[in-house]
Amino acid sequence: MDVTALGEILIDFSPAGSSPQGNRLFEQNAGGAPANVLAALSRFGRKTALIGKVGEDEFGHYLRSVLVDNGIDASGLMMIPEASTTLAFVHLGEWRTLLQFRAKSGSGSIAERKGY
């Protein structure tokens with residue numbers, strides 16, 4: 001393994017236009033600085049791995065598949081049944097604004113595990 005990162009992976013909901021009714025639409029994307037760096041390194045041929053936590057929910061399963069699809073070893077990604085995956089809504093204007101939702105999030109409990 002060339003690079004292993006310990007940290008957060010989350011869902012970024014980025015603006016994706018408007019509905020026919022004029023409502024803002026958002027697109028689901030994988031996010032989190034550690035995962036972004038690993039994806040870039042993987043594209044350059046480095047062997048990478050992520051250690052982190054997500055909720056055992058639709059979003060957590062999506063993030064695991066994104067890691068694998070990008071050649072990142074996801075064996076260190078724990079899926080926590082009682083947690084929710086962190087969600088962030090991104091506003092791209094003059095300033096980039098993030099609204100994050102972390103209620104009982106997997107990434108918010110990275111150090112909470114028996115035996116550690």
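This is a predicted model, so every value here is computed, not measured.
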Does a side-chain heavy-atom distance below 4.5 Å link Met78 with Ile80? yes
All pairs passing ring pair (Phe, Tyr, Trp, His ring centres under 6.0 Å) where residues 16-38 contributes a residue, at least two apart: Phe26-Phe89
Review item, side-chain donor-acceptor pairs of residues 29-44, under 3.5 Å, at least two apart:
| from | atom 1 | to | atom 2 | distance (Å) |
| --- | --- | --- | --- | --- |
| Asn29 | ND2 | Ser14 | OG | 3.4 |
| Asn29 | ND2 | Glu27 | O | 3.2 |
| Asn36 | ND2 | Gly32 | O | 3.4 |
| Ser42 | OG | Asn70 | O | 2.6 |

For Asp2, enumerate each residue passing the side-chain hydrogen bond (donor to acceptor under 3.5 Å, both in side chains) test, keeping only those at least two apart in sequence or located in another chain. none
Measure the CG-CG distance between Asp73 and Leu50 for me, rounded to the nearest 0.5 Å. 9.0 Å
Rounded distance (nearest 0.5 Å) linking atom NZ of Lys47 with atom OG1 of Thr4: 12.0 Å
To the nearest 0.5 Å, what is the distance between CG (Leu87) and CD1 (Ile11)? 7.0 Å
Counting only pairs under 3.5 Å, give me each side-chain donor-acceptor contact of residues 56-66, with atom names and distances, residues two or more places apart or in other chains.
| from | atom 1 | to | atom 2 | distance (Å) |
| --- | --- | --- | --- | --- |
| Asp57 | OD1 | Phe59 | N | 3.2 |
| Asp57 | OD1 | Gly60 | N | 2.7 |
| Asp57 | OD1 | Thr85 | OG1 | 2.8 |
| Asp57 | OD2 | Thr85 | N | 3.0 |
| Asp57 | OD2 | Thr85 | OG1 | 3.4 |
| Arg64 | NH1 | Ala74 | O | 2.9 |
| Arg64 | NH2 | Leu77 | O | 2.5 |
| Ser65 | OG | Tyr62 | O | 2.7 |

Counterpart residues, side-chain hydrogen bond (donor to acceptor under 3.5 Å, both in side chains), relative to Ser18 (two or more places apart): none
Applying side chain to side chain contact (heavy atoms under 4.5 Å, CB included) to Ser19 and not counting sequence neighbours gives Gln21, Asn23, Leu25
